[in-house]
Amino acid sequence: MRSPLRAAAALAAVAALVTGCSSADAWSEPHASPTPVGALGPGFVDPSASPTPEATVTPRPGSWDDVHPPAGYRVVLVTAGHDRPTTALVTAVRDWAREEDVDLRTVTADDPSRYVAALTRAMDMGPDLVVTAGNDLVDPLAAISPSHLAQHFLVVGAELAEPTENVTAADWTGASFRGEGLGMSSAYDARSFTAARCAAAVRAGVAAVLSDLTGIVLWLDDVA
């Protein structure tokens, strides 16, 4: 017969296991569509005309500052590469998630033959938003995003040549990689991936997605 102490320990172990599974599977629970906390400020877009699909807009710096994700916002960051620009973007996403108390998970894609699988894995988690960081993910994303229009994507520090309505990008002159064999822009400058600009790309991009301004490119040349 079990002693009371051993029985209590067994129950505690089971409780810990259940709690761990519950935490790991939290995203499988029903989840309301996210709505923004706050609203875009003047100058983000022209209020008299909504941007057309694939349009490039130049939001006024700071016009996105009052928009925040709701509690429980689920984001998966997919990253490929260890170059300085990608590292700066990853840091910006993680800093933003921590400051906004976002539920962030990360998928690291190290094998070029598995880039599409990494994006698929991210979608399978059931996030509100998938954020990509790294030029190597541009073409794989362009290949799969048209088949998953219900999933929102945000590309930071790059853009798709022909984005579908579910892909939003935050880009600038020193970044502007578009994939599809177009090569690197002659204006590409790794030094342009400053902490301030990368942070602005994340915040402006998320603000656009939460405000239903998707399928566009946010041009951030005015951010230092």
Side-chain angles (χ1 to χ4, degrees), residues 31-75 89 92-93 95-97 99-100 102 127-133 138 141-142 144-180 182 185-189 192-224:
H31 183 60
S33 297
T35 55
V37 176
L40 294 169
F44 192 86
V45 293
D46 182 353
S48 65
S50 296
T52 58
E54 300 184 34
T56 297
V57 301
T58 305
R60 180 181 300 167
S63 58
W64 51 81
D65 286 349
D66 291 336
V67 178
H68 304 277
Y73 195 53
R74 302 170 178 175
V75 176
L89 292 167
V93 173
D95 287 349
W96 162 80
E99 293 164 6
E100 296 286 353
V102 166
D128 297 311
L129 179 66
V130 174
V131 180
T132 67
V138 168
L141 180 57
I144 68 170
S145 55
S147 300
H148 301 276
L149 295 178
Q151 176 65 65
H152 284 296
F153 297 93
L154 171 62
V155 183
V156 287
E159 62 183 273
L160 271 59
E162 297 182 6
T164 43
E165 63 191 36
N166 56 328
V167 181
T168 304
D171 205 3
W172 56 90
T173 299
S176 61
F177 181 75
R178 302 177 68 197
E180 294 195 356
L182 298 176
S185 167
S186 60
Y188 185 84
D189 184 358
S192 71
F193 288 75
T194 63
R197 185 175 277 118
C198 291
V202 176
R203 290 188 174 276
V206 173
V209 173
L210 286 170
S211 304
D212 293 326
L213 295 170
T214 59
I216 61 175
V217 176
L218 305 174
W219 202 248
L220 303 176
D221 270 1
D222 293 336
V223 179

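All values below were derived from every heavy atom in this structure, side-chain atoms included, with hydrogens, water molecules and symmetry-related copies excluded. Here the structure is a predicted model, which means the values were calculated and not measured.
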Steps toward side-chain contact (heavy atoms from CB on, under 4.5 Å) verdict (L218, V57): CA-CA 5 Å; L218 305 174; V57 301; 3.4 Å; yes
Flag the pair [X] / [Y] as yes when at least one side-chain heavy-atom distance between them is below 4.5 Å, and no otherwise.
| X | Y | result |
| --- | --- | --- |
| P69 | L210 | yes |
| P59 | L220 | yes |
| L213 | F44 | yes |
| F153 | T164 | no |
| P127 | V75 | no |

Looking at every non-hydrogen atom in both residues, tell me the closest pair between [X] and [Y] and how far apart they are.
| X | Y | result |
| --- | --- | --- |
| A201 | A170 | O-CB, 3.4 Å |
| S192 | A175 | OG-N, 4.1 Å |
| P42 | S63 | O-CB, 3.6 Å |
| P163 | G215 | CG-O, 4.2 Å |
| E162 | E54 | CA-OE1, 4.1 Å |
| A133 | L89 | CB-CB, 4.0 Å |

Spatial distance of atom CG (D95) from atom CD (E100) [nearest 0.5 Å]: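 With rounding to 0.5 Å, CG (D95) is 11.5 Å from CD (E100).
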Between CG on residue N166 and CG on residue L154, distance to nearest 0.5 Å: 12.0 Å
Single hit among L40, V37, V206 for side chain to side chain contact (heavy atoms under 4.5 Å, CB included) with V67: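 Testing each of L40, V37, V206 against V67, the sole residue satisfying side chain to side chain contact (heavy atoms under 4.5 Å, CB included) is L40.
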Any residue meeting ring-ring contact (aromatic ring centres under 6.0 Å, His included) with W96, in chain and number order, not counting sequence neighbours: none
Residues which pass side chain to side chain donor-acceptor pair (under 3.5 Å) with S145, listed by chain and number, not counting sequence neighbours: none
Side chain to side chain donor-acceptor pair (under 3.5 Å) against D171, all qualifying residues, sequence neighbours excluded: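 For D171, no residue satisfies side chain to side chain donor-acceptor pair (under 3.5 Å) once neighbours in sequence are set aside.
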By salt bridge (charged side-chain N to carboxylate O under 4.0 Å, His left out) - contacts of D65 (at least two apart):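 D65: no salt bridge (charged side-chain N to carboxylate O under 4.0 Å, His left out) contacts found.
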Partner set under salt bridge (charged side-chain N to carboxylate O under 4.0 Å, His left out) for E99, not counting sequence neighbours: R203
Pairs flagged by side chain to side chain donor-acceptor pair (under 3.5 Å) wherever residues 206-224 is involved - sequence neighbours left out: T173-D221, W219-D221
Donor-acceptor contact present, side-chain T194 to main-chain R197, <3.5 Å: yes
Side-chain (D66) to main-chain (A39) donor-acceptor, under 3.5 angstrom: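 No.
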Steps toward side-chain contact (heavy atoms from CB on, under 4.5 Å) verdict (V131, V202): CA-CA 9 Å; V131 180; V202 176; 5.8 Å; no
Residue pair W172, V223: steps toward the side-chain contact (heavy atoms from CB on, under 4.5 Å) verdict: CA-CA 9 Å; W172 56 90; V223 179; over 6 Å; no
